[in-house]
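First up is the structure itself, then whatever we jot down about it.
We use all heavy atoms of the structure for the numbers below, so side chains are in, but hydrogens, waters and symmetry mates are not. We name chains A, B, ... by the order of the sequence lines, and we start the count at 1 in each one.
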Amino acid sequence: MFKNEEMEINLGPQHPSTHGVLRVKLRLDGETVTHCRPMIGYLHRGVEKICENQSFFQGQVWTDRMDYCSAVANNLGWAEANEKLLGITVPRRAQYIRTLLNEFNRIASHLIWLGTHAMDIGALTVFLYAFREREDVLDINEAFCGSRLTTTAFRIGGLREDLPPGFEKMVRKFLAKFSDCLEEYEALLTENRIWKKRTIGVARLSAEDAIALGVTGPMLRAAGVAYDIRKAFPYAAYEEMDFEVPTRTEADTYARYQVRMAEMRQSARIIQQCMDGMPEGPVMAKLPKILRSEVNEVYHATESPKGEIGYYLVGEKGSLNPYRFHVRAPGFINLQSLPKMAEGGLIADVVAAIGSLDIVLGEIDR
Amino acid sequence: MNKFLRTLLPADIAKGLSVTGKHFRQVFFTANRRKVPFHIVSEYPEVPAKVQPRFRGRLTMLKDEQGVIKCVCCLACEKICPTQVITIEKGKQEGRKMPYPVRYDFEMERCIFCEFCVESCGFDAIILNHQFELAAYNREDFSLGTEGLGQNMFEPSHVGKFSVADD
Ligand code: SF4
Ligand code: SF4
């Protein structure tokens, strides 16, 4: 009467726990996943091609819309890649402000991750607390550049404007309460037995596998590899900052949670240092009237909240727009590790694995 | 045995609950519920939302003290716009040396509110105002210009008024 055979199901693309329009094809034996393939491309907009047809200045707005949870980090990568290509040095004050906003962005992105990931697993309360703090970060974004999510925060050569009046007060107010807030999230989750049961030992990805698949960011650091581009190849003002790269060795979902929580603490530390050591001076370099590329090609990688985001720009000497533009999107490459993590596990753990990847489909599909 | 006892004493759950209890206390007992200093959520349509001074809202054209359009048709904004939503037609006006925009079309539905146009304008002829309630029922309502029936580039748009005060 009962036949023992495998069943194929689709998780997504309209599933709330796949964080957008990710479709995962699963083959199940009972509740065990035997085969798992992520299918992407539902949100493809051709960002790379659009940027090739626009000037260096205009391209930045498209990078906002790739990973909309960490738009500032994307802007920073784009601006720095272009500065390399065009041969521009950025004033020191601008570097500091960029670092400051980038770290705020890391906090906002990790808070989104924390809220949605906990909600996927079943802890709804954290979501509301995490979004409360994220709101403050978005207000800081809005005060600086006028927009909350699609920031277009920087310009090639520096910043459009200096910090607005009252900005320092906002930042200090946020920093004063943020560590209490982190403790609040940890009180809700770290010791919680349901959370621990659902995350410890779930979706393991060993360091060898992670490196072989090109996985970067908190995923890699949770496997014990202390690779952070902010330390390895410092950019912006990270060379002058004192911070640690948190790592764990368990390589499971719980370790990734711990790494991200520790990263938020480090981000708050960097913000504090930026605020205290903010140099005076101009925020914009002297630019030529028309931006023309100086060298033929650059690759510039920065550490976005999700991992290594790299911009590869090819521009013939003297050209007005990139001849070829490619983004090494961290989400796209981290997603390739999903079959490794999910196969052999239970179907309910696929959701935990997707959550711990911290993907944004806007960036994966571009 | 020890493990069994720990299952009976849910310290971890109690710790989590204490966070909820703390916030409940703050909002329910200490805060004056009229003044709501602890509330994060605002009663948005009834109470207008505040935006920061640099907020990027809808594109608006400015006039100088004599009520003349400041724009001189240098086309910088048209060129820099990443989504090409600005279309300008150059023209002449009696008694004005500078060119005059006969048509200045702005298709708001495709604008991404990046403020590049304002940045590029050397004559301070345009700004992004603080308006963010920009929904409308018809597509035509998004096409703004220097002229138009009650709907143009100089006044705040009347679309998207969903406040209770309106009806
Ligand atoms: S805000 Fe940006 S998209 Fe909108 S009209 Fe200006 S330049 Fe174009
Ligand atoms: S940049 Fe300013 S002056 Fe030039 S066409 Fe645009 S609005 Fe007019």
So for atom CG, which belongs to A/Leu128, do other residues, nucleotides or ligands contribute more than 12 heavy atoms lying within a distance under 6.0 Å? yes

Report yes if some heavy atom in the side chain of B/Phe116 is under 4.5 Å from a heavy atom in the side chain of A/Arg160; otherwise report no.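 They are not in side-chain contact.
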
Should B/Arg54 and A/Cys145 count as side-chain neighbours, where that means a heavy-atom distance under 4.5 Å?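 Heavy-atom side-chain distance check fails, nothing below 4.5 Å.
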
Among residues 60-77 of chain A, residues within the sub-4.5 Å heavy-atom range of chain B, in order of number, are A/Val61, A/Trp62, A/Arg65

Could you tell me which residues in residues 168-182 of chain A have at least one non-hydrogen atom under 4.5 Å from a non-hydrogen atom of chain B, sorted by residue number?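 If one takes a 4.5 Å heavy-atom cut-off, the residues of residues 168-182 of chain A near chain B are A/Met170.
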
Grab the two heavy atoms, one from A/Glu142 and one from B/Phe55, that are nearest each other, plus how far apart they are. OE2-CD1, 3.5 Å

For the residue pair A/Thr151 and B/Arg56, what are the closest heavy atoms and their distance?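 For A/Thr151 and B/Arg56, the tightest heavy-atom pair comes out as O-NH1, 3.1 Å.
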
Can you list the residues that meet the ring pair (Phe, Tyr, Trp, His ring centres under 6.0 Å) rule with A/Tyr257, with sequence neighbours excluded? A/Trp195, A/Tyr254

Which residue out of A/Lys196, A/Glu161, A/Glu183, A/Glu186 racks up the most heavy-atom pairs below 4.5 Å with chain B? A/Glu161

When A/Gly59, A/Gly166, A/Gly146 are compared by non-hydrogen pairs under 4.5 Å with chain B, the top option: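 Ranked by contacts with chain B, first place is A/Gly146.
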
To the nearest 0.5 Å, how far apart are CG in A/Asp139 and CD in B/Gln52?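 Answer for the CG-CD pair, A/Asp139 versus B/Gln52, is 5.5 Å.
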
Contact origin within A/Tyr129 toward chain B - heavy atom pairs under 4.5 Å: side chain

Proximal component of A/Gln54, with respect to chain B [non-hydrogen, under 4.5 Å]: side chain

Please tabulate, for side-chain N and O atoms in residues 79-90 of chain B, each donor-acceptor pair with protein atoms closer than 3.5 Å (sequence neighbours left out).
residue, atom, partner, partner atom, Å
B/Thr83, OG1, B/Arg110, O, 3.4
B/Glu89, OE1, B/Arg103, NH1, 3.1

